[in-house]
Amino acid sequence: MLSPHGICLLWEPELIWLHVAADACIAAAYFSIPIALAILVTKRRDLKFGWIYWGFAIFIMACGLTHVLSIYTLWVPIYGIEGIVKAATAVASVVTAGALWPLLPKILAIPSPFELRQVQAALEEEEIKSRDAALLLQQISDAQRAMRESMTRLTAIVETAVDGVILFDAQDRLLLFNPACERLFGYSADEVMGRNVRMLMPEAGSQASHFATAGEAIGLRKDGSTFPMDVSVGQARQDGELIFVGIVHDLTARKLTEQQLQQAQKMETVGQLSGGIAHDFNNLLTVIIGNAEHLSEQLKARPDLRRFADDICQSGERGAELTQRLLAFSRRQLLQPQTVDCRGLLESMFKLLKRTLREDIEIKTISGPGTILAFADRAQLESAVLNLALNAQDAMPAGGHLTLATELTMLDEEYRAVHPEVASGAYTLIAIADDGAGMTPDVAQRAFEPFFTTKEVGKGSGLGLSMVYGFAKQSGGHVSIYSEKGLGTTVRIYLPRADKGQWQADLSDGEDAAPRGYETILIVEDDPFVRSSTIRRVEALGYRVVAAVNGKDALQQLRTDPGIDMLFTDIVMPGGMSGWELAEQARRIRPSLPVLFTSGYALETLVEHGRAHAQAIVLTKPYRKAELAQRLRDAFAAATVAS
């Protein structure tokens, strides 16, 4: 214990320094290993079994320390300390070895580099598959987006289509019912989905899918009314099943136009025939009247026989008057058109009619603003007004009101769609209105036909209105009748303007100054052409418009749309509910709702027949934009005062 280890080496320098060098190298190596392990464990905190690295570092450090002590004991005999260090090293080695064996299976479970490469290759393959899957998903997403966009465009086309679009299956069950169909048939889509398509087309037969690919059919509305329509049906397959697509086009307007055109053609044909007959008949009457006058002169000495000659002459003159009316209807009379002041003409006619008509006929003249000039034959125009006034007197056996009115007006393309024989543009209007017996639609349709009359035999030739018709047409104008049984008749003569340029400037100034608004107005009008024209004019004044075709539809709109600010309704409407009755029921729903009425009859006539109240605000047809604008504001103001 007292002798250093160098004694055992006989203090030979070679052996001593060999031990020193070897132990120093081993100690240095041992000391570097724990440092490296400490750095590794500190930097790589994700390593498993980190504590074993620390244990191994302590064991190696102890081993290195024993070699340092081995160098030191060459000169200093501290073998006790060296033994203690070796004992500690032995404990550390035993503990490390004991802990290492249980961990061996777990260490062996750690993937080898080869296995890691395989895993990496598998991961790369999965990554490629994932990229392919992502690309596929992107393609699917793009395809779905394109499909959605296509469906959106298709839906927009179907939803905004003017014509009706229906879709039904092989069992005739409805699968699609677009908004145009809702307006056309009066059903909502929910009411018809899944039901048989024959409910819309009762004459379709046992199976609607057996329709012809195109053709005319009769449509049945919800209210029971029918209308002509053109149906085009195509078929396709959806999920292997047969489906049918139908395009429904309303033919009501076309049929009406065809009837108007047929009527105009018939009148033209009758006019040509009447003109030919009148021309030849005039030749015969010339001979008859001439011979009768000569015979009358020769029979001065025989008054009894001369009376017969005078009767022949008077009958011939009456026949000549009839032929003149036939020539007027056929537009073969000689006209001398000139600029006519219509306001002055009506004032002069007022004096004549006061002396001519019965005293129980109250006559009134109304003139629009500005200068009202027409280009027409003054004598023929006076004759036409007189003729119409006499007809009005006959329609008012118990007396009544006769109104002569003149104003400047415009016939647009919508009016021309109903009356294709009329050229659109600016006209001078002369209207003769009475509140007499009126006409049924059938009588009004034939009123211009020559020799057609509803008067008793001997009280009318049936040529008065036909003469007016011929005069207006030959003058380049137009004539129309608006009449209803029990409410009277209004005949409107449209003649060419004599100062269109000045009137266009006046009209533009007047319309620019028309008051505007922003409220929502419910327009109720059964005539589709009048309705569309009114909607356009009201919207041009800044208002929002909701439309209805009858009273029932209007009440439904009032219940469902709380934003409606005014009711603008025609007074005389089919369907069992007048505009006045509609207003009463509407005010039960909205007590303070402003109401503006419109009619082809004057307010006095409507009040007299119990169709309106004297305090009602009525816009008389036809009206100009400025009048419409002012009446709308008047109705709003009246409702504000009343509330």
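Scope of the values below: all heavy atoms of this structure, side chains included, with no hydrogens, waters or symmetry mates.
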Check: Quick one: are the ring centres of F185 and F227 less than 6.0 Å apart?
Finding: yes

Note to self: Which heavy atom of G476 sits nearest to which heavy atom of P496, and what is that distance?
What the structure shows: O-CG, 3.8 Å

Next item on the list: Identify the two heavy atoms, one from L346 and one from A405, that lie closest to each other, and give their separation to 0.1 Å.
Entry: CD1-C, 3.8 Å

Margin query: I need the minimum non-hydrogen distance between L184 and R221, along with the two atoms involved.
Written below: O-NE, 3.2 Å

Notebook entry, point to check: Are R633 and E519 within salt-bridge range, i.e. N to O under 4.0 Å?
Noted result: yes

Item checked: Donor-acceptor contact below 3.5 Å, side chain E581 vs main chain S578 -> yes

Check: Taking the inter-plane angle between the rings of F597 and W580 on a 0 to 90° scale, is it parallel (under 30°), tilted (30 to 60°) or perpendicular (over 60°)?
Finding: tilted

Notebook entry, point to check: How far apart are the closest heavy atoms of I493 and A472, and which atoms are they?
Noted result: CG2-CB, 4.3 Å

Note to self: Which residues pass the side-chain hydrogen bond (donor to acceptor under 3.5 Å, both in side chains) test with E382, not counting sequence neighbours?
What the structure shows: R378

Margin query: I'd like to check the side-chain hydrogen bond (donor to acceptor under 3.5 Å, both in side chains) partners of T520; sequence neighbours left out, ordered by chain and number.
Written below: R544

Check: Taking all non-hydrogen atoms of both residues, which atom of L555 and which atom of A586 are closest, and how far apart?
Finding: CD2-N, 3.9 Å

Item checked: Donor-acceptor contact present, side-chain R358 to main-chain M396, <3.5 Å -> yes

Item checked: Q557 to L522 - nearest heavy-atom pair and separation -> CB-CD1, 4.1 Å

Notebook entry, point to check: Sequence neighbours excluded, which residues qualify as side-chain hydrogen bond (donor to acceptor under 3.5 Å, both in side chains) partners of K552?
Noted result: none

